[in-house]
Protein chains: 2
Amino acid sequence: MQTIEQLLESKNIRVTAMRLLIYKFLAEKQVAVTLSDIENAFDKADRTTLYRTVKTFEESTIVHQIDDGTGITKYALCEKGCNCDIETDLHLHFHCNNCNETVCLTEHKIPQIKVPNGFISEDINLVVKGVCDKCSGL
Amino acid sequence: MQTIEQLLESKNIRVTAMRLLIYKFLAEKQVAVTLSDIENAFDKADRTTLYRTVKTFEESTIVHQIDDGTGITKYALCEKGCNCDIETDLHLHFHCNNCNETVCLTEHKIPQIKVPNGFISEDINLVVKGVCDKCSGL
DNA sequence: TTATAAATGCACTTCCGTTGCATTGTATTT
DNA sequence: AAATACAATGCAACGGAAGTGCATTTATAA
Ligand SMILES: [Mn+2]
Ligand SMILES: [Mn+2]
Ligand SMILES: [Zn+2]
Ligand SMILES: [Zn+2]
């Protein structure tokens, strides 16, 4: 088990206080977060720093971006061994219409999707919307 | 075969010049269009009118909205017999990373997606990204 | 024709993402 | 240790797209 510091260093990302804090924040969250979420969690830090930190993480396959259809970009930590950079992360995402939260369903891979002749599939974004387990009470 | 006028009247939407023009514009386009696309096609008309027209169409299941991940909302005519309003339109969308166009693949329905226990699926958004038939040359 | 309501146009706002640039902090070299 | 070089952070501003309030025009109905 490697530390966060080791992870960052392995990706050639300098270890700073902010980056450690933001990483920990993402790690303890069970849901995808928006930039505003991070902003609210770190009042003292500037929006831009948070934005660039997340972007840095994204470029190094530490987090992946999620477009859940709300119009607001969300972020979540990549699983270890995730290959977002070379091929798309094929797990699906679930957006709850009730609590408005979005989660990675990393266990649920996206099935093979057929496209018409002449079309070349390179990436797939699949978002299921409905009611999450916390809200459904099932 | 019903006329556009008849279609609008059947949905209790008043027939206006703008609405007929915008409908025809959408009908002759083979790809999903942005509000800016419509704006460029109708210089004289105001953005707000176009915006509200499309929204009116959307509320009456004449067009459906497409979130292809570009961050810009796109619109396309619904097929006849489409049930966007009561259940989600289950066809998938394809976004070309080369020409940046998005098309409805109405023939390609979204397969059944399994979600974990406790989750209730109500709607699915599936966007395949890659190279379209025009750009691939295949 | 007049009264009523909807459609359109104009101005303005908000929200999110993004960038330029100055400043601070860190690491490396001399 | 001091000087240097470069990256990280903070502040301010911008831009695009979606959305809203209100006045005006246009269509429908009485
Ligand atoms: Mn995910
Ligand atoms: Mn479609
Ligand atoms: Zn929920
Ligand atoms: Zn193309």
Side-chain angles (χ1 to χ4, degrees), chain A residues 4-26 32-60 62-76 95 100 102, chain B residues 4-26 32-60 62-76 95 100 102:
Chain A
I4 305 174
E5 285 86 345
Q6 288 168 338
L7 171 66
L8 295 182
E9 279 163 4
S10 75
K11 306 258 187 182
N12 288 315
I13 297 174
R14 288 199 187 177
V15 177
T16 68
M18 269 316 333
R19 288 172 176 172
L20 288 174
L21 286 170
I22 293 174
Y23 187 97
K24 285 173 190 161
F25 176 74
L26 291 168
V33 301
T34 66
L35 195 60
S36 297
D37 292 334
I38 305 177
E39 226 179 313
N40 294 333
F42 301 99
D43 293 340
K44 300 168 298 185
D46 186 77
R47 259 174 54 82
T48 314
T49 304
L50 306 174
Y51 169 74
R52 290 190 177 134
T53 300
V54 173
K55 206 170 184 189
T56 299
F57 284 175
E58 196 190 342
E59 285 161 359
S60 297
I62 292 173
V63 308
H64 62 280
Q65 198 170 324
I66 302 165
D67 174 15
D68 63 7
T70 59
I72 301 165
T73 306
K74 297 186 178 175
Y75 305 91
H95 174 75
N100 209 34
T102 297
Chain B
I4 306 173
E5 285 88 344
Q6 287 168 339
L7 170 67
L8 295 182
E9 279 164 4
S10 75
K11 306 258 188 181
N12 287 316
I13 297 174
R14 290 198 186 176
V15 177
T16 69
M18 268 320 329
R19 287 173 177 171
L20 288 174
L21 285 170
I22 293 174
Y23 187 96
K24 284 172 190 163
F25 176 74
L26 292 168
V33 300
T34 66
L35 195 59
S36 297
D37 292 334
I38 306 177
E39 225 179 313
N40 294 333
F42 302 99
D43 293 340
K44 300 168 297 183
D46 187 76
R47 262 200 41 246
T48 315
T49 304
L50 305 174
Y51 170 73
R52 289 188 178 136
T53 298
V54 173
K55 207 170 184 188
T56 299
F57 284 175
E58 197 190 342
E59 285 161 358
S60 297
I62 292 173
V63 308
H64 61 280
Q65 198 171 323
I66 302 166
D67 174 15
D68 61 8
T70 58
I72 301 166
T73 306
K74 296 186 179 176
Y75 305 92
H95 174 76
N100 208 36
T102 298

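Order of the sequence lines fixes the chain letters, A, B, ..., with proteins taken first and strands second; residue numbering starts at 1 for each chain. Hydrogens, waters and symmetry mates play no part in the numbers below; they use all other heavy atoms, side chains included.
- A distance-only check finds no donor-acceptor pair linking the side chain of K74(A) to the backbone of A32(A) [under 3.5 Å].
- Regarding N40(B), its CG atom lies at a distance of 14 Å from the C1' atom of dG16(D), rounded to whole Å.
- The line from CG of D37(B) to CG of L50(B) is 11.5 Å long, rounded to the nearest 0.5 Å.
- Only one option out of T34(A), T70(A), D68(A) pairs with T102(A) in a side-chain hydrogen bond (donor to acceptor under 3.5 Å, both in side chains); it is D68(A).
- Looking at R52(B), its side chain comes within 3.5 Å of the base of dG9(C) through a donor and an acceptor atom.
- Distance, E39(B) CD to dA17(D) P: 9 Å, rounded to whole Å.
- Under 3.5 Å, the side chain of T48(A) and the base of dC11(D) form at least one donor-acceptor pair of N or O atoms.
- Expressed to the nearest 0.5 Å, how far CD1 of I13(A) lies from CD of E5(A) amounts to 13.0 Å.
- In this entry the distance linking CD1 of I72(A) with C1' of dA17(D) reads 13 Å, nearest Å.
- Toward the 5' end of DNA chain D, the nearer of the two residues T56(A) and T73(B), judged by each one's closest nucleotide, is T56(A).
- Taking atom CD of residue E5(A) and atom P of nucleotide dA27(C), one finds them 12 Å apart after rounding to whole Å.
- If you find the closest nucleotide of DNA chain D to T49(A) and to S36(B), the one lying nearer the 5' end belongs to T49(A).
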(request) Report the C-alpha distance between F57(B) and R19(B) in whole Å, list the side-chain angles of each, state the deciding distance to 0.1 Å, and finish with yes or no for side-chain contact (heavy atoms from CB on, under 4.5 Å). (result) CA-CA 9 Å; F57(B) 284 175; R19(B) 287 173 177 171; 4.0 Å; yes
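- What separates NZ of K74(A) from P of dG17(C) is a distance of 11 Å, to the nearest Å.
- For the pair D46(A) CG and dG25(C) P, the computed distance is 15 Å after rounding to whole Å.
- For the segment residues 7-19 of chain B, the set of residues with a heavy atom within less than 4.0 Å of an atom of DNA chain C comprises R14(B), T16(B), M18(B), R19(B), in numerical order.
- For R47(A), counting side-chain heavy atoms from C-beta on, the closest listed nucleotide (dC21(C), dG17(C), dA17(D)) is dG17(C).
- In this structure, the NZ atom of K44(A) is 18 Å from the P atom of dT24(C), given to the nearest Å.
- Within the 6.0 Å centre-distance limit, the rings of F25(A) and F42(A) are counted as a close aromatic pair.
- Spacing between atom CZ of F42(A) and atom P of dT9(D) amounts to 12 Å, rounded to whole angstrom units.
- Remark: H95(A) NE2 to D67(A) CG distance equals 11.0 Å, nearest 0.5 Å.
- Within the 4.0 Å cut-off from OP1 or OP2 of dA18(D), not a single side-chain nitrogen or oxygen of Y51(B) is found.
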